[in-house]
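Contents: one structure, followed by commentary.
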Amino acid sequence: MRKFIIIAFIISHIFSYELYKEIKIENINPLLVNRLAYLDIELDHVHMESDNSIKFAISESDLNRIDLNGIKYEIIHEDLEAFYQSRLTNDVESRDFEYGSMGGYYTFNEIVENLDELAEDYPNLVAQKISIGQTLEGRDIWALKMSDNPNIDEDEAEVLYTGLHHAREPMSYMNLFYYMNWLVENYESDPIAKNILDHRELWFVPALNPDGLIYNQQIAPNGGGMQRKNARETCNGGVDGVDLNRNYGYAWNCQGNYQGNQCETSGSSGDGCNETYRGTFAFSEPETQAMRDFVASHDFPVAFNYHSYSNLLLYPFGYTYNNPMSQDDLNTFIEIGEELVSENNYYLGTGVDILYPVNGEACDWMYGSEGIFAYTPEVGSSSDGFWPSTSRIIPLCEENLYANQYLALVAGSNYNTNISVSEENFIQGNSYFMNLSVTNSGLSGASGDVYIDIITSDNIIFDDSQIVLDQLPAGSTIDFGEITFEISNTVSEGSIEEINVNVYDDNNTISTSSLFLLIGEPEILINNEFESQDSWTINDGTDSASAGIWERAIPNPTYDDNGQIIQPNADHTEQGQYCYVTGNDVSNNSSEFGF
């Protein structure tokens, strides 16, 4: 009898699952949003359209509740899982990165195999994986450490990267494997990779929800599975599981007030069938217990908890509109966050302000209870969805590479140097000024003294080639103002000389900035203000430019919806009015490109 029951459970577990659709609701307004919240409809990764409509994924059981309440909608994808599968293939290969067998994404076994291969191939940089706990169904939750001495606990800043809180978000771990491989493959050739691994201890937990991933593999072996939660049986006739990202112990089950702050009660659900079911108590799930205990055994100043999708970078707090954190910490979150999104242009903010309320969420707990500056990157756009097409895996990994790098750098002392000169040309025998300032943008102070080395050829002479500071606290800047240097009389006319400024401390954290100087007075061969047509030849009749052909005109400004100027109206020379532009339309006061 026991064997029969186990077999029946497995068959049911594999073949009884929810159908998901993507729908669009038009003419959205606060009353309608509140009505959906009252019906306990989870607006997961809702996307607001320019026509005041919203698009989101929804289970068939939730859609039935919408039908019963007469809310009108349009079905965009009848079967979202099938739509995602249609974009996935196992026929793509890359020399730079190994794809998985699930439409390019790794299965759980492939996650484990890749962790083992990293340790085997780079034993001096990667430790053997360790289990930080087990899931509800008894699977190990693996963690991996990377550093220049991976088997030694050194006095270096620790950094945490996690993925797959939600089982249908595989980009959360693919991105981490891309980053891990980049670090070890470029350690000998790239100073950023070497700096990170030499001076940080990086910890990766790529799959916090193995049970949910395994379930998705069973129902959709080629990718596209839509299970979000873990494997706990919580629902009769709907979606089983606890949302691990609503099960943490900060503002869990927040009802009206939490630590004196107004709490948005829609941030999680007490319904076991709901996509944001928070569980029966905080840390009720073995997966979140494992993360809690792992974090407690380390000292992480920063963390990334990866999700998808929405092209966002979220920081705490997500449970209330009135952010209760101190202004200093809020400024730190924003300052670091702005740099983290400087390459991928993700939108920065709190979840409650730009997505939806959450409570019992990982980053809120990591910051609110453990003091970690934790962020949630939401990888990919609305068109990418939960399972981006196979061809989008590497581009999405690449667009998050800089953020992963910078998070590691900012975990400890991290120096940024600003050097500039006001002149364009430099004459032999003359003296000039270089402006110099140094910032410690990291979250810890300098490790001992800070050294600023000015390195040049013999043709550029500084009075002092090294400055030594006895400290440089976290977040502080020292502006040295103007530093005098002289150009040698013997340097050749027209040569280009270089100034390098290196900043480092006793822990050898290095920042390098460079300036290039043109020596001598340039000879002007031609000068044209474009105030007359002259003999310039443009658009010879074969030009098929789609963005507009070149024309000589007075440039006109272009503004965005907020009145900010996009294209300037001052591209002309100092004494003139005209320049050559493309796509210039004087009549409607718009200009595309100019020089």
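Quick note: numbers below take in every heavy atom, side chains included, and nothing from hydrogens, waters or symmetry partners. Residue numbers count from 1 along this sequence.
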Using side chain to side chain donor-acceptor pair (under 3.5 Å) as the criterion, list what pairs up with [X], not counting sequence neighbours.
X    : value
S369 : none
T477 : T439
Y99  : none

Could I get the full list of side-chain contact (heavy atoms from CB on, under 4.5 Å) partners for [X], not counting sequence neighbours?
X    : result
S457 : N459, E497
S420 : N435
S268 : R246, R278, N359
L518 : N425, I496

Will you find, in the side chains of D190 and N195, an N or O donor that is under 3.5 Å from an N or O acceptor?
no
Do Y415 and N502 have a side chain donor and acceptor closer than 3.5 Å?
no
Just to verify, what does C254 make a disulfide bond (SG atoms under 2.5 Å apart) with, not counting sequence neighbours?
C263
Run the numbers on D384 and R392 for salt bridge (Lys or Arg N to Asp or Glu O under 4.0 Å), then give the verdict.
CA-CA 8 Å; D384 289 313; R392 287 283 291 155; 2.9 Å; yes
Has N311 got a side-chain atom pairing as donor or acceptor with V379's backbone, closer than 3.5 angstrom?
no
Please tabulate, for side-chain N and O atoms in residues 445-452, each donor-acceptor pair with protein atoms closer than 3.5 Å (sequence neighbours left out).
none

Residues 112-156 vs ring pair (Phe, Tyr, Trp, His ring centres under 6.0 Å), sequence neighbours excluded, gives none
Please list every donor-acceptor pair under 3.5 Å in which a side-chain atom of residues 293-300 meets a protein atom from a residue at least two apart or in another chain.
unit_1 : atom_1 : unit_2 : atom_2 : d
S297   : OG     : F294   : O      : 2.8
H298   : ND1    : E158   : OE2    : 2.8

The complete set of side chain to side chain donor-acceptor pair (under 3.5 Å) pairs with one or both residues in residues 146-156, sequence neighbours excluded, reads S147-E156, N149-E154
